[in-house]
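Note that these values count all heavy atoms, side chains included, but never hydrogens, waters or copies made by symmetry. Note that the structure is predicted; figures quoted are calculated from it, not measured. All chains are named by letter (A, B, ...) in the order of the sequence lines, taking the proteins before the strands, and each is independently numbered beginning at 1.
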Amino acid sequence: MIVCVAVVGHQNNPLYIQSFTEADDALKLHHIVHCSLDVIEERVNNPKKSGTTLNEAFLGLLYPTVNYKVYGYLTNTKVKFILVTTDLDVRDTDVRSFFRKFHAAYVDAVSNPFHVPGKKITSRTFAQTVSNIVGSYGLN
Amino acid sequence: MVFDGRFYANKPELAARRIEAIGYQVGHQLSERYTMERPRFSDHLEAIKFICKDFWSEVFKKQIDNLKTNHRGTFVLQDNKFRWLSRVSIDPSSENETEDPSTPGESKAAQAVSMYLYFPCGIIRGVLSNLGIPCAVSADISSLPTCSFVIRVKA
């Protein structure tokens with residue numbers, strides 16, 4: 001189950017963060033997202049160590065904690081997408097497909113002429129689309 | 001903001017800056033959309049080639065005809081038939097010496113045409129800036145209908 005998604009700008013400024021749990025975990029999830037930013041920077045600056053394909057947007061599993069798995073995705077414009085899930089067995093194709101749909105929703109939100117680059121995304125349509133993507137995750 | 005014709009008529013520099021800024025935002029947003037399916041660029045040249053081929057095709061339905069670089073941060077993108085100038089008349093008097101003493105060598109027609117180029121220059125600057133490459137972009141219309149965009153990457 002996906003518990004949190006986040007969009008972080010190229011200066012590590014938060015653009016969107018949304019949790020999907022009933023529990024009061026918001027602060028812990030924000031902290032996990034924040035820590036994952038360091039992992040992303042390390043992955044991008046040291047491509048040989050991590051073993052991922054150079055220049056691919058999907059970064060894969062960033063780091064597993066006791067209860068969560070954190071996945072990362074870095075766009076060409078240095079915007080980072082973070083996905084936190086509690087699932088134990090996660091299929092690579094599901095996560096990739098999630099990020100693809102999420103990227104499309106992000107591009108639509110940023111194309112809004114009233115959106116200010118660098119500021120948080122306030123579009124309700126984006127929030128709704130993200131909820132739908134999260135809801136349909138893993139159902140195929 | 002009301003774009004009153006009279007407000008900008010005597011201040012072309014203001015209008016130019018405003019138009020370039022609008023182009024910047026458009027380029028910024030278009031770059032998000034058109035880089036979506038692509039892996040990340042590994043160097044500046046790849047980003048410039050992206051503009052010459054994919055981006056120019058999306059926006060102008062054709063590619064840049066010629067790319068030159070001095071390998072020290074300056075790139076010249078030459079479009080032999082820039083679509084947004086295709087209906088602009090080429091002033092025959094610009095072939096001879098101009099009568100205007102204040103701007104030697106540049107006719108009024110050339111000045112008018114250059115106003116149209118602030119928007120595409122802004123677009124290019126917006127795209128590169130969103131890819132992490134700050135730069136300055138200017139246009140060269142010394143041989144219409146060929147239009148060259150000069151990109152100077154800031155170190």
Side-chain angles (χ1 to χ4, degrees), chain A residues 7-13 15-16 40-48 50 52-60 72-81 96-123 125-126 129 133, chain B residues 1-3 17-60 75 118-135 137 151 153-154:
Chain A
V7 180
V8 182
H10 68 97
Q11 285 159 330
N12 284 347
N13 45 324
L15 295 176
Y16 184 81
I40 291 185
E41 276 206 36
E42 202 188 284
R43 283 273 179 101
V44 169
N45 294 333
N46 301 315
K48 296 188 192 71
S50 63
T52 53
T53 321
L54 187 62
N55 295 334
E56 208 197 322
F58 178 62
L59 300 172
Y73 183 101
L74 180 61
T75 71
N76 236 318
T77 53
K78 309 290 181 286
V79 173
K80 305 159 190 100
F81 302 151
R96 282 175 191 269
S97 150
F98 172 89
F99 276 127
R100 206 170 34 243
K101 295 184 212 168
F102 193 77
H103 196 168
Y106 167 75
V107 165
D108 286 341
V110 168
S111 301
N112 183 343
F114 294 108
H115 172 257
V116 178
K119 293 283 192 291
K120 295 209 173 170
I121 297 174
T122 54
S123 158
T125 313
F126 178 70
T129 311
I133 299 174
Chain B
M1 176 179 239
V2 175
F3 282 81
R17 273 212 297 275
R18 187 86 181 90
I19 293 171
E20 207 268 353
I22 296 175
Y24 179 86
Q25 184 174 355
V26 171
H28 208 267
Q29 292 169 326
L30 287 181
S31 66
E32 290 279 2
R33 191 171 292 275
Y34 297 144
T35 57
M36 193 160 83
E37 298 293 311
R38 305 181 47 100
R40 284 193 301 281
F41 303 120
S42 38
D43 59 12
H44 290 185
L45 186 58
E46 275 201 22
I48 301 279
K49 289 205 283 203
F50 160 76
I51 294 185
C52 293
K53 295 195 194 152
D54 303 306
F55 187 81
W56 220 255
S57 302
E58 292 278 5
V59 180
F60 301 108
F75 299 88
Y118 287 112
F119 187 60
C121 286
I123 290 182
I124 297 174
R125 190 170 69 89
V127 173
L128 286 173
S129 148
N130 206 9
L131 296 175
I133 305 174
C135 59
V137 184
I151 301 174
V153 179
K154 298 187 182 158

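Across all their heavy atoms, B:His28 and A:Pro117 have their closest contact at CE1-CB, 3.7 Å. Shortest non-hydrogen contact noted between B:Arg40 and A:Leu59 is NH2-CD2, 4.3 Å. Heavy atoms only, all atoms of each residue included: B:Met36 and A:Tyr73 are closest at O-OH, 4.4 Å.
Summarising the geometry, atom CZ belonging to A:Arg100 is positioned 7.5 Å from atom CD belonging to B:Glu37; distances are rounded to the nearest 0.5 Å. Interatomic distance, CD of B:Gln29 versus CG of A:Asp108, reported as 11.5 Å (0.5 Å rounding). Between the CZ atom of B:Arg33 and the NE2 atom of A:His103 there is a distance of 10.0 Å, given to the nearest 0.5 Å.
In this structure, A:Glu56 contributes its side chain and B:Pro39 its backbone to no donor-acceptor pair below 3.5 Å.
Top candidate by heavy-atom pairs under 4.5 Å with chain B, chosen from A:Asn76, A:Val107, A:Thr75, is A:Asn76.
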